[in-house]
Protein chains: 2
Amino acid sequence: MNDRPGLRERKKAKTRASIQKEALRLFREQGYAATTVEQIAEAAEVAPSTVFRYFATKEDLVLVDQFPPFIEALRALPPELGPVSAVRRALRAAVEAQTPEERADSLERERLMATVPELWAASLKGVTGEIRTLQETLAAREGREPDDPEIRNITGAIAGVLVALWFAWVRDPGMDALAEADQALAHLEAGLPLT
Amino acid sequence: MNDRPGLRERKKAKTRASIQKEALRLFREQGYAATTVEQIAEAAEVAPSTVFRYFATKEDLVLVDQFPPFIEALRALPPELGPVSAVRRALRAAVEAQTPEERADSLERERLMATVPELWAASLKGVTGEIRTLQETLAAREGREPDDPEIRNITGAIAGVLVALWFAWVRDPGMDALAEADQALAHLEAGLPLT
DNA sequence: CATATTTTGAGAGTAGACTCTCATTTGAGA
DNA sequence: TCTCAAATGAGAGTCTACTCTCAAAATATG
(Lines give C-alpha, C1' and ligand atoms only; values in the text may rest on other atoms or scores of the structure.)
Protein backbone atom coordinates (compact mmCIF):
# COMPACT_ATOMS: atom_id res chain seq x y z
CA MET A 1 0.00 0.00 0.00
CA ASN A 2 2.82 2.35 -0.80
CA ASP A 3 2.17 5.39 -2.99
CA ARG A 4 5.68 5.44 -4.23
CA PRO A 5 6.23 2.80 -6.85
CA GLY A 6 8.21 -0.14 -5.56
CA LEU A 7 11.77 -0.94 -6.52
CA ARG A 8 10.51 -3.14 -9.32
CA GLU A 9 8.58 -0.35 -10.97
CA ARG A 10 11.37 2.15 -10.56
CA LYS A 11 13.81 -0.23 -12.15
CA LYS A 12 11.52 -0.79 -15.07
CA ALA A 13 11.19 2.92 -15.70
CA LYS A 14 14.92 3.26 -15.55
CA THR A 15 15.52 0.42 -17.95
CA ARG A 16 12.99 1.81 -20.36
CA ALA A 17 14.50 5.27 -20.25
CA SER A 18 17.97 3.91 -20.70
CA ILE A 19 17.02 1.87 -23.73
CA GLN A 20 15.35 4.82 -25.36
CA LYS A 21 18.18 7.17 -24.58
CA GLU A 22 20.80 4.87 -26.06
CA ALA A 23 18.62 4.25 -29.08
CA LEU A 24 18.26 7.94 -29.84
CA ARG A 25 21.95 8.48 -29.38
CA LEU A 26 22.79 5.72 -31.81
CA PHE A 27 20.21 6.90 -34.30
CA ARG A 28 21.70 10.36 -34.22
CA GLU A 29 25.24 9.12 -34.53
CA GLN A 30 24.91 6.50 -37.21
CA GLY A 31 21.41 6.79 -38.62
CA TYR A 32 18.18 4.97 -37.98
CA ALA A 33 18.38 2.18 -40.52
CA ALA A 34 22.05 1.55 -39.82
CA THR A 35 21.37 0.96 -36.13
CA THR A 36 20.31 -2.56 -35.23
CA VAL A 37 18.24 -3.48 -32.25
CA GLU A 38 21.11 -5.62 -31.15
CA GLN A 39 23.37 -2.60 -30.94
CA ILE A 40 20.79 -0.76 -28.93
CA ALA A 41 20.48 -3.68 -26.56
CA GLU A 42 24.20 -3.83 -26.12
CA ALA A 43 24.50 -0.11 -25.49
CA ALA A 44 21.74 -0.26 -22.90
CA GLU A 45 23.28 -3.40 -21.38
CA VAL A 46 20.18 -5.44 -21.88
CA ALA A 47 19.16 -8.46 -23.93
CA PRO A 48 17.67 -7.81 -27.39
CA SER A 49 14.48 -9.51 -26.38
CA THR A 50 14.18 -7.08 -23.51
CA VAL A 51 14.18 -4.18 -25.93
CA PHE A 52 11.15 -5.68 -27.61
CA ARG A 53 9.44 -6.15 -24.29
CA TYR A 54 9.56 -2.42 -23.74
CA PHE A 55 9.05 -1.24 -27.29
CA ALA A 56 6.95 -3.33 -29.61
CA THR A 57 8.74 -2.09 -32.71
CA LYS A 58 11.94 -0.26 -33.49
CA GLU A 59 9.95 2.75 -34.58
CA ASP A 60 8.34 3.00 -31.17
CA LEU A 61 11.73 3.92 -29.79
CA VAL A 62 11.36 7.30 -31.43
CA LEU A 63 7.72 8.13 -31.07
CA VAL A 64 6.76 10.34 -28.20
CA ASP A 65 3.53 12.04 -27.33
CA GLN A 66 3.96 15.71 -26.69
CA PHE A 67 0.75 16.36 -28.45
CA PRO A 68 -1.90 15.82 -25.76
CA PRO A 69 -0.90 18.89 -23.71
CA PHE A 70 -1.31 21.05 -26.76
CA ILE A 71 -4.71 19.62 -27.62
CA GLU A 72 -5.87 20.00 -24.05
CA ALA A 73 -4.79 23.61 -24.02
CA LEU A 74 -6.68 24.09 -27.24
CA ARG A 75 -9.82 22.51 -25.87
CA ALA A 76 -9.65 24.73 -22.81
CA LEU A 77 -9.76 27.93 -24.87
CA PRO A 78 -13.08 29.72 -25.41
CA PRO A 79 -14.65 28.92 -28.77
CA GLU A 80 -15.10 32.59 -29.61
CA LEU A 81 -11.50 32.70 -30.73
CA GLY A 82 -10.96 31.90 -34.39
CA PRO A 83 -9.20 28.59 -35.11
CA VAL A 84 -5.85 30.06 -36.05
CA SER A 85 -5.83 32.39 -33.12
CA ALA A 86 -6.76 29.56 -30.78
CA VAL A 87 -3.98 27.35 -32.11
CA ARG A 88 -1.61 30.21 -31.63
CA ARG A 89 -2.48 30.60 -28.00
CA ALA A 90 -2.61 26.89 -27.31
CA LEU A 91 0.83 26.44 -28.78
CA ARG A 92 2.22 29.16 -26.61
CA ALA A 93 0.48 27.76 -23.53
CA ALA A 94 1.73 24.25 -24.17
CA VAL A 95 5.31 25.37 -24.65
CA GLU A 96 5.23 27.58 -21.60
CA ALA A 97 3.92 24.73 -19.48
CA GLN A 98 7.12 22.80 -20.14
CA THR A 99 10.07 23.01 -17.84
CA PRO A 100 13.17 24.39 -19.54
CA GLU A 101 14.59 20.92 -19.41
CA GLU A 102 11.61 19.35 -21.13
CA ARG A 103 11.74 22.07 -23.71
CA ALA A 104 15.39 21.48 -24.52
CA ASP A 105 14.71 17.78 -24.69
CA SER A 106 11.81 18.04 -27.06
CA LEU A 107 13.62 20.51 -29.27
CA GLU A 108 16.50 18.07 -29.55
CA ARG A 109 14.11 15.30 -30.40
CA GLU A 110 12.27 17.32 -33.01
CA ARG A 111 15.56 18.28 -34.49
CA LEU A 112 16.68 14.70 -34.65
CA MET A 113 13.44 13.67 -36.29
CA ALA A 114 13.58 16.35 -38.92
CA THR A 115 17.26 15.80 -39.62
CA VAL A 116 17.23 12.05 -40.10
CA PRO A 117 14.85 11.16 -42.90
CA GLU A 118 14.19 7.70 -41.57
CA LEU A 119 13.06 9.13 -38.26
CA TRP A 120 10.84 11.74 -39.80
CA ALA A 121 9.40 8.94 -41.83
CA ALA A 122 8.97 6.71 -38.81
CA SER A 123 7.13 9.39 -36.89
CA LEU A 124 4.75 9.93 -39.70
CA LYS A 125 2.00 7.64 -38.61
CA GLY A 126 1.74 9.61 -35.39
CA VAL A 127 1.85 12.95 -37.11
CA THR A 128 -1.03 12.21 -39.43
CA GLY A 129 -3.11 11.05 -36.48
CA GLU A 130 -2.28 14.23 -34.65
CA ILE A 131 -3.34 16.39 -37.54
CA ARG A 132 -6.56 14.46 -37.71
CA THR A 133 -7.09 15.10 -34.00
CA LEU A 134 -6.42 18.78 -34.52
CA GLN A 135 -8.97 18.83 -37.28
CA GLU A 136 -11.58 17.18 -35.11
CA THR A 137 -10.89 19.54 -32.26
CA LEU A 138 -11.17 22.62 -34.43
CA ALA A 139 -14.36 21.27 -35.94
CA ALA A 140 -15.84 20.76 -32.50
CA ARG A 141 -14.94 24.32 -31.52
CA GLU A 142 -16.86 25.65 -34.47
CA GLY A 143 -19.72 23.23 -34.16
CA ARG A 144 -19.02 21.62 -37.49
CA GLU A 145 -18.40 18.21 -38.94
CA PRO A 146 -14.75 17.08 -38.82
CA ASP A 147 -14.81 16.63 -42.56
CA ASP A 148 -16.12 20.09 -43.32
CA PRO A 149 -13.94 21.30 -46.20
CA GLU A 150 -13.36 24.70 -44.67
CA ILE A 151 -12.17 23.19 -41.42
CA ARG A 152 -10.04 20.79 -43.37
CA ASN A 153 -8.43 23.61 -45.30
CA ILE A 154 -7.73 25.63 -42.19
CA THR A 155 -6.24 22.64 -40.43
CA GLY A 156 -4.12 21.82 -43.43
CA ALA A 157 -2.90 25.37 -43.73
CA ILE A 158 -1.98 25.56 -40.05
CA ALA A 159 -0.13 22.29 -40.19
CA GLY A 160 1.56 23.23 -43.44
CA VAL A 161 2.75 26.57 -42.17
CA LEU A 162 4.12 24.99 -39.01
CA VAL A 163 5.84 22.16 -40.83
CA ALA A 164 7.42 24.61 -43.25
CA LEU A 165 8.69 26.56 -40.28
CA TRP A 166 9.95 23.37 -38.71
CA PHE A 167 12.08 22.65 -41.73
CA ALA A 168 13.39 26.18 -41.85
CA TRP A 169 14.29 25.91 -38.20
CA VAL A 170 16.20 22.72 -38.83
CA ARG A 171 18.30 24.51 -41.40
CA ASP A 172 18.85 27.40 -39.00
CA PRO A 173 18.65 26.17 -35.41
CA GLY A 174 19.46 29.63 -34.15
CA MET A 175 15.99 30.92 -34.74
CA ASP A 176 13.49 31.30 -31.93
CA ALA A 177 11.05 28.63 -32.97
CA LEU A 178 8.21 29.72 -30.71
CA ALA A 179 8.36 33.38 -31.72
CA GLU A 180 8.57 32.44 -35.38
CA ALA A 181 5.63 30.10 -35.04
CA ASP A 182 3.63 32.89 -33.49
CA GLN A 183 4.48 35.21 -36.34
CA ALA A 184 3.73 32.61 -38.95
CA LEU A 185 0.30 31.93 -37.49
CA ALA A 186 -0.36 35.66 -37.31
CA HIS A 187 0.53 35.91 -40.97
CA LEU A 188 -1.80 33.05 -41.76
CA GLU A 189 -4.55 34.66 -39.75
CA ALA A 190 -4.13 37.85 -41.74
CA GLY A 191 -4.72 35.90 -44.94
CA LEU A 192 -1.07 35.43 -45.95
CA PRO A 193 -0.59 38.83 -47.60
CA LEU A 194 2.60 39.54 -49.47
CA THR A 195 3.82 42.78 -48.01
CA MET B 1 19.05 2.59 -88.24
CA ASN B 2 15.57 2.04 -86.97
CA ASP B 3 13.96 4.71 -84.78
CA ARG B 4 11.69 2.21 -83.20
CA PRO B 5 13.35 0.39 -80.32
CA GLY B 6 14.30 -3.15 -81.13
CA LEU B 7 12.48 -6.23 -79.96
CA ARG B 8 14.73 -6.50 -76.95
CA GLU B 9 13.85 -3.04 -75.70
CA ARG B 10 10.19 -3.51 -76.33
CA LYS B 11 10.19 -6.74 -74.42
CA LYS B 12 11.92 -5.09 -71.50
CA ALA B 13 9.38 -2.32 -71.37
CA LYS B 14 6.61 -4.88 -71.49
CA THR B 15 8.11 -6.94 -68.70
CA ARG B 16 8.61 -3.89 -66.57
CA ALA B 17 5.05 -2.71 -67.11
CA SER B 18 3.68 -6.14 -66.43
CA ILE B 19 5.56 -6.48 -63.15
CA GLN B 20 4.39 -3.11 -61.99
CA LYS B 21 0.83 -3.71 -63.03
CA GLU B 22 0.60 -7.03 -61.22
CA ALA B 23 2.24 -5.53 -58.18
CA LEU B 24 -0.27 -2.72 -57.95
CA ARG B 25 -3.12 -5.15 -58.43
CA LEU B 26 -1.89 -7.36 -55.62
CA PHE B 27 -1.25 -4.39 -53.36
CA ARG B 28 -4.77 -3.20 -53.94
CA GLU B 29 -6.31 -6.62 -53.43
CA GLN B 30 -4.44 -7.84 -50.41
CA GLY B 31 -2.43 -4.92 -49.08
CA TYR B 32 1.13 -3.79 -49.47
CA ALA B 33 2.79 -5.51 -46.55
CA ALA B 34 0.86 -8.73 -47.12
CA THR B 35 2.12 -8.98 -50.67
CA THR B 36 5.51 -10.63 -51.08
CA VAL B 37 7.86 -10.02 -53.95
CA GLU B 38 7.61 -13.70 -54.68
CA GLN B 39 3.89 -13.39 -55.29
CA ILE B 40 4.46 -10.45 -57.59
CA ALA B 41 7.03 -12.45 -59.53
CA GLU B 42 4.68 -15.35 -59.87
CA ALA B 43 1.79 -13.16 -61.03
CA ALA B 44 4.00 -11.51 -63.62
CA GLU B 45 5.42 -14.89 -64.64
CA VAL B 46 8.93 -13.87 -63.92
CA ALA B 47 11.66 -14.91 -61.49
CA PRO B 48 11.86 -13.02 -58.18
CA SER B 49 15.36 -11.89 -59.01
CA THR B 50 14.03 -10.36 -62.21
CA VAL B 51 11.69 -8.18 -60.21
CA PHE B 52 14.67 -6.75 -58.38
CA ARG B 53 16.47 -6.18 -61.65
CA TYR B 54 13.71 -3.83 -62.71
CA PHE B 55 12.88 -2.28 -59.36
CA ALA B 56 15.62 -1.87 -56.81
CA THR B 57 13.21 -2.06 -53.88
CA LYS B 58 9.64 -3.11 -53.30
CA GLU B 59 8.75 0.50 -52.63
CA ASP B 60 9.96 1.53 -56.06
CA LEU B 61 7.12 -0.47 -57.54
CA VAL B 62 4.85 2.33 -56.42
CA LEU B 63 6.90 5.51 -56.50
CA VAL B 64 6.73 7.72 -59.55
CA ASP B 65 7.58 11.32 -60.40
CA GLN B 66 4.64 13.32 -61.60
CA PHE B 67 5.96 16.54 -60.20
CA PRO B 68 8.06 18.04 -63.00
CA PRO B 69 5.10 18.73 -65.34
CA PHE B 70 3.42 20.68 -62.60
CA ILE B 71 6.45 22.82 -61.86
CA GLU B 72 6.98 23.50 -65.54
CA ALA B 73 3.40 24.59 -65.90
CA LEU B 74 3.90 26.86 -62.92
CA ARG B 75 7.03 28.41 -64.35
CA ALA B 76 5.26 29.09 -67.61
CA LEU B 77 2.58 31.22 -65.97
CA PRO B 78 2.91 35.02 -65.90
CA PRO B 79 4.25 36.35 -62.60
CA GLU B 80 1.41 38.84 -62.24
CA LEU B 81 -0.75 36.07 -60.86
CA GLY B 82 -0.61 35.67 -57.11
CA PRO B 83 1.13 32.51 -55.86
CA VAL B 84 -2.00 30.65 -54.87
CA SER B 85 -3.77 31.52 -58.05
CA ALA B 86 -0.78 30.43 -60.10
CA VAL B 87 -0.57 27.11 -58.32
CA ARG B 88 -4.24 26.64 -58.95
CA ARG B 89 -3.86 27.08 -62.66
CA ALA B 90 -0.69 25.06 -62.91
CA LEU B 91 -2.33 22.17 -61.13
CA ARG B 92 -5.24 22.22 -63.50
CA ALA B 93 -2.94 22.45 -66.51
CA ALA B 94 -0.80 19.55 -65.33
CA VAL B 95 -3.79 17.32 -64.71
CA GLU B 96 -5.42 18.19 -67.99
CA ALA B 97 -2.26 17.31 -69.87
CA GLN B 98 -2.63 13.72 -68.73
CA THR B 99 -4.49 11.12 -70.75
CA PRO B 100 -7.49 9.66 -68.92
CA GLU B 101 -5.54 6.47 -68.55
CA GLU B 102 -2.56 8.20 -66.96
CA ARG B 103 -4.91 10.03 -64.69
CA ALA B 104 -6.64 6.88 -63.47
CA ASP B 105 -3.28 5.28 -63.00
CA SER B 106 -1.83 8.10 -60.96
CA LEU B 107 -4.95 8.35 -58.82
CA GLU B 108 -4.62 4.68 -57.99
CA ARG B 109 -1.02 5.18 -57.10
CA GLU B 110 -1.67 8.23 -54.97
CA ARG B 111 -4.29 6.27 -53.16
CA LEU B 112 -1.88 3.49 -52.35
CA MET B 113 0.74 5.92 -51.21
CA ALA B 114 -1.58 7.73 -48.86
CA THR B 115 -3.01 4.52 -47.50
CA VAL B 116 0.16 2.61 -46.75
CA PRO B 117 2.36 4.26 -44.15
CA GLU B 118 5.54 2.66 -45.45
CA LEU B 119 4.92 4.15 -48.87
CA TRP B 120 3.95 7.55 -47.61
CA ALA B 121 7.13 7.44 -45.59
CA ALA B 122 9.19 6.29 -48.53
CA SER B 123 7.88 9.06 -50.72
CA LEU B 124 8.69 11.60 -48.08
CA LYS B 125 12.17 12.40 -49.17
CA GLY B 126 10.82 13.19 -52.60
CA VAL B 127 7.92 15.19 -51.25
CA THR B 128 10.03 17.46 -49.10
CA GLY B 129 12.28 18.15 -52.05
CA GLU B 130 9.26 18.95 -54.16
CA ILE B 131 7.91 21.38 -51.61
CA ARG B 132 11.28 23.04 -51.47
CA THR B 133 11.25 23.34 -55.24
CA LEU B 134 7.78 24.83 -55.09
CA GLN B 135 8.98 27.33 -52.53
CA GLU B 136 11.92 28.34 -54.69
CA THR B 137 9.74 28.68 -57.74
CA LEU B 138 7.21 30.85 -55.96
CA ALA B 139 10.00 32.97 -54.51
CA ALA B 140 11.44 33.50 -57.97
CA ARG B 141 8.06 34.55 -59.30
CA GLU B 142 7.82 37.22 -56.65
CA GLY B 143 11.45 38.25 -56.88
CA ARG B 144 12.19 37.21 -53.31
CA GLU B 145 14.61 35.02 -51.43
CA PRO B 146 13.54 31.36 -51.17
CA ASP B 147 13.72 31.61 -47.40
CA ASP B 148 11.54 34.68 -47.13
CA PRO B 149 9.15 33.85 -44.26
CA GLU B 150 6.10 35.04 -46.14
CA ILE B 151 6.91 32.85 -49.11
CA ARG B 152 7.61 30.00 -46.75
CA ASN B 153 4.24 30.43 -45.07
CA ILE B 154 2.37 30.58 -48.35
CA THR B 155 4.13 27.51 -49.66
CA GLY B 156 3.46 25.65 -46.44
CA ALA B 157 -0.19 26.61 -46.48
CA ILE B 158 -0.63 25.52 -50.09
CA ALA B 159 1.05 22.20 -49.44
CA GLY B 160 -0.88 21.70 -46.21
CA VAL B 161 -4.22 22.39 -47.78
CA LEU B 162 -3.50 20.02 -50.63
CA VAL B 163 -2.22 17.27 -48.40
CA ALA B 164 -5.27 17.59 -46.17
CA LEU B 165 -7.43 17.26 -49.23
CA TRP B 166 -5.42 14.27 -50.35
CA PHE B 167 -6.16 12.48 -47.12
CA ALA B 168 -9.83 13.36 -47.28
CA TRP B 169 -9.96 12.02 -50.78
CA VAL B 170 -8.43 8.76 -49.67
CA ARG B 171 -11.22 8.33 -47.16
CA ASP B 172 -13.79 9.18 -49.81
CA PRO B 173 -12.52 8.18 -53.23
CA GLY B 174 -15.79 9.28 -54.77
CA MET B 175 -14.88 12.94 -54.62
CA ASP B 176 -13.63 14.84 -57.64
CA ALA B 177 -10.10 15.52 -56.51
CA LEU B 178 -9.29 18.16 -59.08
CA ALA B 179 -12.43 20.19 -58.51
CA GLU B 180 -11.97 19.97 -54.75
CA ALA B 181 -8.37 21.06 -55.04
CA ASP B 182 -9.46 24.03 -57.05
CA GLN B 183 -12.02 24.98 -54.45
CA ALA B 184 -9.59 24.49 -51.61
CA LEU B 185 -7.04 26.78 -53.22
CA ALA B 186 -9.76 29.34 -53.89
CA HIS B 187 -10.66 29.17 -50.23
CA LEU B 188 -7.05 29.66 -49.28
CA GLU B 189 -6.74 32.57 -51.66
CA ALA B 190 -9.73 34.21 -50.02
CA GLY B 191 -7.98 34.01 -46.65
CA LEU B 192 -9.69 30.85 -45.36
CA PRO B 193 -12.87 32.51 -44.10
CA LEU B 194 -15.38 30.47 -42.14
CA THR B 195 -18.66 31.04 -43.88
C1' DC C 1 13.58 -17.09 5.93
C1' DA C 2 10.34 -19.24 2.50
C1' DT C 3 7.38 -19.02 -1.16
C1' DA C 4 5.14 -16.80 -5.13
C1' DT C 5 5.39 -13.62 -8.89
C1' DT C 6 7.63 -10.81 -12.17
C1' DT C 7 11.37 -9.75 -15.07
C1' DT C 8 15.28 -10.96 -17.54
C1' DG C 9 18.82 -13.35 -20.52
C1' DA C 10 20.03 -16.74 -23.68
C1' DG C 11 19.18 -18.46 -27.73
C1' DA C 12 16.77 -20.83 -31.26
C1' DG C 13 13.51 -19.83 -34.95
C1' DT C 14 10.65 -17.30 -38.68
C1' DA C 15 9.73 -14.29 -42.46
C1' DG C 16 10.68 -11.65 -46.12
C1' DA C 17 13.44 -8.13 -48.55
C1' DC C 18 17.40 -8.10 -51.01
C1' DT C 19 22.10 -10.00 -53.11
C1' DC C 20 25.09 -13.01 -55.90
C1' DT C 21 26.41 -16.51 -58.99
C1' DC C 22 26.19 -19.13 -62.91
C1' DA C 23 24.26 -21.72 -66.46
C1' DT C 24 20.68 -21.07 -70.02
C1' DT C 25 18.03 -18.56 -73.15
C1' DT C 26 17.09 -14.87 -76.36
C1' DG C 27 17.64 -11.17 -79.37
C1' DA C 28 21.28 -8.32 -82.23
C1' DG C 29 24.14 -8.02 -86.03
C1' DA C 30 27.33 -9.81 -89.61
C1' DT D 1 23.40 -19.30 -90.00
C1' DC D 2 26.89 -18.15 -86.61
C1' DT D 3 28.69 -15.46 -82.92
C1' DC D 4 28.42 -12.16 -79.22
C1' DA D 5 26.16 -9.59 -75.70
C1' DA D 6 22.34 -8.97 -72.92
C1' DA D 7 18.53 -10.79 -70.16
C1' DT D 8 16.63 -14.42 -67.49
C1' DG D 9 15.78 -18.34 -64.17
C1' DA D 10 17.06 -21.04 -60.47
C1' DG D 11 18.43 -21.08 -56.19
C1' DA D 12 21.53 -20.64 -52.45
C1' DG D 13 22.74 -17.13 -49.10
C1' DT D 14 22.56 -12.76 -45.99
C1' DC D 15 20.57 -9.61 -42.91
C1' DT D 16 17.61 -7.98 -39.46
C1' DA D 17 13.22 -7.08 -37.31
C1' DC D 18 10.47 -9.68 -34.56
C1' DT D 19 8.63 -14.08 -31.93
C1' DC D 20 8.78 -17.86 -28.57
C1' DT D 21 10.36 -20.69 -24.91
C1' DC D 22 12.36 -21.72 -20.72
C1' DA D 23 15.27 -21.49 -16.97
C1' DA D 24 17.67 -18.22 -13.88
C1' DA D 25 17.53 -14.04 -11.24
C1' DA D 26 15.39 -10.38 -8.88
C1' DT D 27 11.76 -8.74 -6.13
C1' DA D 28 7.48 -8.85 -3.49
C1' DT D 29 4.99 -10.92 0.37
C1' DG D 30 4.00 -13.39 4.54
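Lettering of chains follows the sequences in order, A, B, ..., and the numbering in each one begins at 1.
- With sequence neighbours excluded, the residues that form a salt bridge (charged side-chain N to carboxylate O under 4.0 Å, His left out) with Glu150(B) are Arg144(B).
- The line from OG1 of Thr57(B) to CG of Asp60(B) is 3.5 Å long, rounded to the nearest 0.5 Å.
- Between Glu22(B) and Arg25(B) there is a salt bridge, since a side-chain N of the basic residue sits under 4.0 Å from a carboxylate O of the acidic one.
- Environment of CD in Glu38(B): sparse, with no more than 12 heavy atoms of neighbouring residues, nucleotides or ligands closer than 6.0 Å.
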What pairs of donor and acceptor atoms, side-chain ones from residues 47-56 of chain A against any protein atom, are under 3.5 angstrom apart with sequence neighbours left out?
none

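- Across every strand in view, dA4(C) sits in a pair with dT27(D) that passes the Watson-Crick or G-U test at under 3.5 angstrom.
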| field | Stepwise side-chain contact (heavy atoms from CB on, under 4.5 Å) check, Phe167(B) with Arg132(A) | value | CA-CA 10 Å; Phe167(B) 276 81; Arg132(A) 178 72 188 166; over 6 Å; no

Might you list the N or O atoms of the protein lying below 3.5 Å from N or O atoms in nucleotides 15-18 of chain C, with each pair's distance?
| from | atom 1 | to | atom 2 | distance (Å) |
| --- | --- | --- | --- | --- |
| dA17(C) | OP1 | Thr35(B) | O | 3.4 |
| dA17(C) | OP1 | Lys58(B) | NZ | 3.0 |
| dA17(C) | OP2 | Val37(B) | N | 3.2 |
| dC18(C) | OP2 | Lys58(B) | N | 2.7 |

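- Rounded to an integer number of Å, the gap from Glu42(A) CD to dA10(C) C1' is 15 Å.
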Contacts under 3.5 Å, N or O only, protein and nucleotides 6-8 of chain C:
| from | atom 1 | to | atom 2 | distance (Å) |
| --- | --- | --- | --- | --- |
| dT6(C) | O4' | Arg8(A) | NH1 | 3.1 |
| dT7(C) | OP1 | Lys12(A) | NZ | 2.8 |
| dT8(C) | OP1 | Tyr54(A) | OH | 2.7 |
| dT8(C) | OP2 | Tyr54(A) | OH | 3.3 |

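- Residue pairs meeting the ring-ring contact (aromatic ring centres under 6.0 Å, His included) criterion with at least one member in residues 14-43 of chain B, sequence neighbours excluded: Phe27(B)-Tyr32(B).
- Following rounding to the nearest Å, Arg16(B) (CZ) and dA7(D) (C1') show an atom-to-atom distance of 15 Å.
- Separating the CZ atom of Phe55(A) from the P atom of dA17(D) is a distance of 15 Å, rounded to the nearest angstrom.
- Sorted by first and then second residue, the side-chain hydrogen bond (donor to acceptor under 3.5 Å, both in side chains) pairs involving residues 172-186 of chain B (not counting sequence neighbours) are Arg88(B)-Asp182(B).
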